[in-house]
Amino acid sequence: IFDLKTVKEKKEENSKLKSIANQIIAERKLANYAQNIIQKSKTDIEEFTSKTNSLKIELETLRKNEITLEEQVLQEKIKLENAQKIKSFDQLRLELEENCACPLCGSTNHPFVNAHQEILIDAQQLAYNLLEKELQKTRKDKTTIEATILSHSKFIESSKLKMLPEEENLQNSATKIESFNQILKWNVDESIDNWEKNLEEMHVFETQLIKIENGLQAKIQLDEIATLYKKKNEIELQLIETQQERLNLYPGSDIVNTIH
């Protein structure tokens, strides 16, 4: 059976524990939030690092292809320019006469075929255009990948920076939780839901203590009232006895009249 002093002491003790419980749960939530941010950042870093490495391999392949294509385009350009130079002699070729010396080479034999030269230039131009188009696409793809790698690198650095304050917050919360738990002795492996149930039990216990305290205070007040009534009755009884004694000693009419 609790007395009022014990109940008040337990209520004060429970209030302090409840305050610590609120703080440790708040720190647990902050720690969980920080842990989630850190875990997500680590996952993002791993994912984008993997993507970046794959892109770097692809970029290296494109760079090698670019060098190869540049050489091929240059060779085709030279071939095309040579063919175009030959084609530029068309008018002179039309003026050539059999057994007459060529003004360029001096030959009197002119077996040059016009149709063959036309086909050569068209084919050379097509080959050059295809290679140039492929080279431009390779350069565009390379530029796109370089921009993507740069974007990924910035994101990775941003994720690392985002982790720093959360790692500090996590450490601070862990220190506070350890300190608070030296008093509460809660199981750190339990979920935060179980911790909140522990806090709810404290609220229930506090409600019970308040009811007990109110009951004890009411009992004290009733006891005080009963004591007052008892004293009142005793005083009244003493007064009656005193008056009776006075009547016995002085039966005079003046006293009787006074009593009545």
Side-chain angles (χ1 to χ4, degrees), residues 1-53 151-237:
I1 299 175
F2 294 145
D3 57 28
L4 186 59
K5 179 182 178 183
T6 302
V7 171
K8 287 184 176 181
E9 289 175 351
K10 286 188 173 296
K11 193 174 76 167
E12 182 179 356
E13 178 184 358
N14 185 73
S15 178
K16 291 179 180 178
L17 290 175
K18 191 173 67 172
S19 175
I20 295 173
N22 278 313
Q23 293 180 73
I24 197 173
I25 288 174
E27 290 299 333
R28 179 78 178 270
K29 290 179 178 179
L30 289 174
N32 287 350
Y33 175 79
Q35 185 63 52
N36 289 337
I37 295 296
I38 292 170
Q39 186 57 50
K40 185 179 184 306
S41 296
K42 286 183 177 180
T43 301
D44 288 342
I45 290 172
E46 290 177 1
E47 177 185 352
F48 279 82
T49 298
S50 176
K51 289 181 178 179
T52 300
N53 290 337
S151 176
H152 286 359
S153 298
K154 289 181 178 179
F155 179 80
I156 291 171
E157 289 304 315
S158 175
S159 297
K160 289 179 179 179
L161 291 175
K162 187 186 296 184
M163 285 174 56
L164 294 178
E166 297 304 333
E167 287 175 340
E168 183 177 352
N169 291 338
L170 180 61
Q171 182 59 47
N172 290 338
S173 292
T175 301
K176 291 180 181 179
I177 289 172
E178 183 180 3
S179 175
F180 293 144
N181 208 35
Q182 289 178 358
I183 300 172
L184 294 175
K185 307 297 182 183
W186 285 358
N187 185 352
V188 295
D189 294 326
E190 289 183 343
S191 68
I192 193 170
D193 290 338
N194 287 337
W195 281 17
E196 288 180 334
K197 288 179 182 178
N198 293 340
L199 177 59
E200 182 60 29
E201 290 175 359
M202 290 180 175
H203 285 299
V204 172
F205 185 53
E206 181 182 45
T207 301
Q208 294 173 343
L209 289 174
I210 290 174
K211 290 181 179 179
I212 294 173
E213 181 183 25
N214 292 338
L216 290 173
Q217 287 178 338
K219 183 178 182 302
I220 291 173
Q221 290 174 352
L222 289 174
D223 290 344
E224 290 176 349
I225 292 173
T227 301
L228 289 174
Y229 271 110
K230 182 179 179 182
K231 287 183 178 180
K232 176 179 177 295
N233 291 335
E234 290 175 351
I235 292 172
E236 289 178 346
L237 181 60

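The figures here come from the full heavy-atom set of this structure, side chains too, leaving out hydrogens, waters and symmetry mates. For this chain, numbers begin at 1 and follow the sequence in order.
For residues 9-51, the ring-ring contact (aromatic ring centres under 6.0 Å, His included) pairs, not counting sequence neighbours, are F48-H152, F48-F155. Among residue pairs with one or both ends in residues 181-193, none qualify as side-chain hydrogen bond (donor to acceptor under 3.5 Å, both in side chains); sequence neighbours excluded. Listed by first then second residue, pairs satisfying side-chain hydrogen bond (donor to acceptor under 3.5 Å, both in side chains) with a partner in residues 155-173 read E27-S173, not counting sequence neighbours. Residue pairs meeting the side-chain hydrogen bond (donor to acceptor under 3.5 Å, both in side chains) criterion with at least one member in residues 9-18, sequence neighbours excluded: K11-E213, K18-E206. For residues 196-230, there are no ring-ring contact (aromatic ring centres under 6.0 Å, His included) pairs, not counting sequence neighbours.
If you take CD1 on I38 and CD1 on I45, they are separated by 10.5 Å, rounding to the nearest 0.5 Å. Here the straight-line distance linking atom CG of L161 with atom CD1 of I156 works out to 12.0 Å at 0.5 Å rounding. Within the model, atoms CG of L237 and NZ of K230 stand 12.5 Å from one another, a figure rounded to the nearest 0.5 Å. To the nearest 0.5 Å, atoms CD1 (I37) and NZ (K40) are separated by 7.5 Å. N233 contributes atom CG, which lies 11.0 Å from atom CG of L228 (distance to the nearest 0.5 angstrom). Note that the CD1 atom of I220 and the CG atom of D3 stand 9.0 Å from one another [nearest 0.5 Å].
Salt bridge annotation for E46-K42: absent, with no cationic side-chain nitrogen under 4.0 angstrom from a carboxylate oxygen.
For S179 (side chain) and T175 (main-chain N/O), no donor-acceptor pair under 3.5 Å exists by modelled atom type.
Considering all non-hydrogen atoms of both residues, A31 and L170 come closest at O-CD1, 3.6 Å. Of all heavy-atom pairs spanning L209 and V7, the tightest one is O-CG1, 3.5 Å.
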Given side chain to side chain contact (heavy atoms under 4.5 Å, CB included), test I210 with N214 step by step and report yes or no.
CA-CA 6 Å; I210 290 174; N214 292 338; 3.5 Å; yes
Tell me, with the steps shown, if L199 and N22 meet side chain to side chain contact (heavy atoms under 4.5 Å, CB included).
CA-CA 7 Å; L199 177 59; N22 278 313; 3.1 Å; yes
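Take K154 and apply the side-chain hydrogen bond (donor to acceptor under 3.5 Å, both in side chains) test, not counting sequence neighbours, and it matches no residue.
Between N198 and E201 there is a side-chain heavy-atom pair separated by less than 4.5 Å.
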